[in-house]
Q: 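Here it is, the structure in full.
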Amino acid sequence: SGGIVMFFYSFINTLFAPVFVLSTSFFFLIMVLFSLHVFVKNFFSKSLSITTFFLAMALPIGVHFIMTQKAFYSILCVFALFKWIHSKDKRYLILSSSFLGYAIAIKLTGLFLFLTICFFLLFLVVRRKGKIQDALLYIAMTAILFSPLGLLNAYYYQNPIAPLTIGGF
C-alpha cells in the first residue's frame with residue numbers, strides 16, 4: 001500500500017504544487033503592494049502613496065515565493081520601526097524586530113537590513129534620542145527569532161549564516 005500512497009502523493013504534489021506556489025507568491029505580492037501603500041500613506045502623503053503603489057506594480061520583477069515573503073516582512077519591519085520612532089511605544093519596537101527576525105529566517109539577505117537598522121539604532125543612542133536598552137531589546141528579539149535557522153546551519157554547516165562566509169568559517 002505504500003507504493004500506492006506514494007504514487008498518489010507524487011501525483012497530487014506534481015499537479016498542485018505549481019499552483020500553490022504561484023498563488024502564495026501572488027498573495028504575498030499583493031500584501032507587499034498594500035503594505036507599501038499604507039507605509040507611504042502614513043508617513044508621507046496620500047498622493048505619493050498612490051504613485052508609489054502604481055510604480056511598484058509596474059516594476060518588471062519576477063514573482064518568486066521567497067522574495068515576496070522577505071519583501072513583505074521587511075516592509076512591515078521598517079513600518080513598525082517608523083511607528084516606534086514617532087510614538088516611542090515599545091510594542092512597535094518588538095513588532096519591528098519580530099518582522100525582521102522572520103525576514104532573516106526566510107532569506108539571509110535580511111541580515112543587511114539588520115545591520116542597517118543596528119547602525120540606525122546606534123545613531124539614535126549616540127544622539128541621545130534613544131536608549132541602549134531599546135537597541136539591545138531589538139537585537140535580542142531579532143536574534144531569538146533567527147536562532148532556529150542559525151542553530152540548524154551551525155549544526156549542519158558549522159556556520160550560523162551558512163551560505164555567507166565570514167573569516168575562518
Q: Check whether any side-chain heavy atom of P148 sits under 4.5 Å from a side-chain heavy atom of L152, and report yes or no.
A: no

Q: Please check if the distance between the ring centroids of H86 and F43 is under 6.0 Å.
A: yes

Q: Could you pull out the closest heavy-atom pair between C118 and I139, with the gap in Å?
A: SG-CG1, 3.8 Å

Q: Using the rule that Ile, Leu, Val, Met, Phe, Trp and Tyr join whenever any side-chain heavy atoms are under 4.5 Å apart, tell me whether L111 and F120 fall into a single cluster.
A: yes

Q: Applying a strict under-4.5 Å side-chain criterion to I, L, V, M, F, W and Y, I'd like to know whether Y138 and L122 cluster together.
A: no

Q: Take V125 and L121 through the test side chain to side chain contact (heavy atoms under 4.5 Å, CB included) and record every step on the way to the result.
A: CA-CA 6 Å; V125 167; L121 290 173; 5.5 Å; no

Q: Go through F72 and S35 one step at a time and tell me if the side chain to side chain contact (heavy atoms under 4.5 Å, CB included) criterion holds.
A: CA-CA 7 Å; F72 176 67; S35 60; 4.1 Å; yes

Q: Of the non-hydrogen atoms in G110 and L100, which two are nearest, and what is the gap between them?
A: O-CD1, 4.0 Å

Q: Do Y92 and S87 meet the criterion of a side-chain donor-acceptor pair at a distance under 3.5 Å?
A: no

Q: May I ask you to decide if K46's main-chain N or O and S49's side chain share a donor-acceptor pair within less than 3.5 Å?
A: yes

Q: Looking at side-chain heavy atoms only, is the closest gap between V78 and F99 below 4.5 Å?
A: no

Q: Kindly give the heavy-atom pair with the smallest separation between L48 and F44, and that separation in Å.
A: CD2-CB, 3.8 Å

Q: Within a strict 4.5 Å, meaning less than it, do heavy atoms of the D89 and W84 side chains meet?
A: no

Q: For L36 and I75, work out which heavy atoms get closest and say how close.
A: N-CG2, 4.1 Å

Q: How would you list, by chain and number, every residue that makes a salt bridge (charged side-chain N to carboxylate O under 4.0 Å, His left out) with K90, sequence neighbours excluded?
A: D134

Q: Which heavy atom of L113 sits nearest to which heavy atom of C77, and what is that distance?
A: CD2-SG, 4.4 Å

Q: Which heavy atom of M141 sits nearest a heavy atom of S97, and at what distance?
A: CB-OG, 3.0 Å

Q: How about F146 and L108: do any of their side-chain heavy atoms sit closer than 4.5 Å?
A: yes

